[in-house]
Number of protein chains: 2
Amino acid sequence: MKKISKELIGTSTIPIILSVLSKKESYGYEIIQRIKELSNGQIEWGEGTIYPVLHKLEKKGYITSSWKTSGSGRKRKYYNINIKGEQKLVSEKENWTVIHQLILKLWNIEPNLI
Amino acid sequence: MKKISKELIGTSTIPIILSVLSKKESYGYEIIQRIKELSNGQIEWGEGTIYPVLHKLEKKGYITSSWKTSGSGRKRKYYNINIKGEQKLVSEKENWTVIHQLILKLWNIEPNLI
DNA sequence: AAATATACATAGAAGTTCGATGTATTAAAA
DNA sequence: TTTTAATACATCGAACTTCTATGTATATTT
């Protein structure tokens, strides 16, 4: 029986970022916009929140980065998820599910257990 | 459009603890056991994790505590959720749902949006 | 020309979590 | 019976995370 450590218990940022990147490569600023859009404006990450996380994920070898210049001439640092990152995402999904199932039990199902 | 702050984004501990207490009063050690049991042994909080959180919740006025002695003579510090705590739980549930909906979108639904 | 949006980065402050350690009592096992 | 395990609380320091603020720079819009 695996123990879930703080690596995921505390944070939803890592599975969210890895999930975004597993669909398509992206860059920090765009990820912030996408999260805001997909949450109907309810989740607004600051830039100071996401950049350190991206750096950490790269340092740990889950994603890679490369500078690209857009047609308009603006420089962007694109991130790509790699195999290790995909594996990490799988385990993060499992962990999230464990926590969510627990929360569902506490909210609705099996009230008679308590 | 409310912005979700780190008060919940980071942690599942607070909604989980408040949810447990909203069913029945309990004490630190028992909460740890219950979480472990309800998650089929997958979530194991340490005592050093939960006691500071309980103290914080009490200090912020969401729960109250009282010492009781069990039949066996063992002393326990029971915690009860109050009205402010129940209100807090409601907003925590809303926040959790926002994040979970986002995650569901990233995993299954609406892949064509990306 | 000025203001806004895009796009990166980091530093410091504040908060959180974990593992270790400590105390004490009760129950179970050797 | 003595020792071990379980129960039950608490706190400390280390490590990590997140937020706000600040800084730089370019492109677009007003």
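Please read all numbers here as calculations on a predicted model, not as lab measurements. All chains are named by letter (A, B, ...) in the order of the sequence lines, taking the proteins before the strands, and each is independently numbered beginning at 1.
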Between [N] atom [atom2] and [X] atom [atom1], what is the distance in whole Å?
X: I32(B); N: dG19(C); atom1: CD1; atom2: P; answer: 12 Å
X: R76(B); N: dA10(D); atom1: CZ; atom2: P; answer: 14 Å
X: E58(A); N: dT10(C); atom1: CD; atom2: P; answer: 11 Å
X: E37(A); N: dT6(C); atom1: CD; atom2: P; answer: 12 Å
X: I31(B); N: dA10(D); atom1: CD1; atom2: C1'; answer: 15 Å
X: E44(B); N: dA6(D); atom1: CD; atom2: P; answer: 12 Å
X: K59(A); N: dC16(D); atom1: NZ; atom2: C1'; answer: 12 Å
X: Y78(A); N: dC8(C); atom1: OH; atom2: P; answer: 9 Å

Does [X] place a side-chain N or O at less than 4.0 Å from the phosphate oxygens OP1/OP2 of [N]?
X: H55(B); N: dC9(D); result: no
X: K56(B); N: dT16(C); result: yes
X: Y27(B); N: dA8(D); result: yes
X: T49(B); N: dT17(C); result: no
X: T13(A); N: dT17(D); result: no

Name all residues meeting the side-chain hydrogen bond (donor to acceptor under 3.5 Å, both in side chains) criterion together with [X]; count only those two or more places apart in sequence or in a different chain, and write none if there are none.
X: N82(A); answer: none
X: S26(B); answer: E30(B)
X: T69(A); answer: none

**Asked** With sugar-phosphate meaning primed atoms plus P, OP1 and OP2, does E47(A) contact a base, only sugar-phosphate, or nothing at under 4.0 Å between heavy atoms?
**Response**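 Answer is base: heavy atoms of E47(A) come under 4.0 Å of a base.
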[X] side-chain proximity, nearest of [options]:
X: Y51(A); options: dT17(D), dC9(D), dT10(C); value: dT10(C)
X: K77(B); options: dT6(C), dT17(C), dA10(D); value: dA10(D)
X: Y29(A); options: dT18(D), dC8(C), dA8(D); value: dC8(C)

Validation: residues 46-58 of chain A side-chain donor-acceptor distances under 3.5 Å, sequence neighbours left out:
{"residue": "H55(A)", "atom": "ND1", "partner": "Y51(A)", "partner atom": "O", "Å": "3.3"}
{"residue": "E58(A)", "atom": "OE2", "partner": "S65(A)", "partner atom": "N", "Å": "3.3"}
{"residue": "E58(A)", "atom": "OE2", "partner": "S65(A)", "partner atom": "OG", "Å": "2.6"}

**Prompt:** Once you round to the nearest 0.5 Å, how far does CD1 of I81(B) lie from CD1 of I63(B)?
**Reply:**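 Here the interatomic distance stands at 8.0 Å.
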**Asked** From L104(A) CG over to H100(A) NE2, what is the distance, rounded to the nearest 0.5 angstrom?
**Response**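 Reported value, rounded in 0.5 Å steps: 4.0 Å.
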**Request:** Name the residue closer to the 5' end of DNA chain D, choosing between Y79(B) and Q33(B) according to the nucleotide with the nearest heavy atom.
**Result:**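 Mapping each residue to its closest nucleotide by heavy atoms, the 5'-most match is Q33(B).
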Detail all sub-3.5 Å separations between protein N/O atoms and N/O atoms belonging to nucleotides 26-30 of chain D.
{"residue": "dT26(D)", "atom": "O2", "partner": "R74(A)", "partner atom": "NH1", "Å": "2.9"}
{"residue": "dT26(D)", "atom": "O2", "partner": "R74(A)", "partner atom": "NH2", "Å": "3.2"}
{"residue": "dA27(D)", "atom": "O4'", "partner": "R74(A)", "partner atom": "NH2", "Å": "2.6"}

**Asked** If you draw the axis of the six-membered ring of W45(A), does the NZ or CZ of K36(A) fall within 45° of it and under 6.0 Å from the ring centre?
**Response**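 Not flagged: K36(A) not positioned over aromatic ring of W45(A).
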**Prompt:** Taking only residues two or more places apart in sequence or in another chain, which ones pass ring pair (Phe, Tyr, Trp, His ring centres under 6.0 Å) with Y27(B)?
**Reply:**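 Partners of Y27(B) by the ring pair (Phe, Tyr, Trp, His ring centres under 6.0 Å) criterion, ordered by chain and then number, come out as Y78(B).
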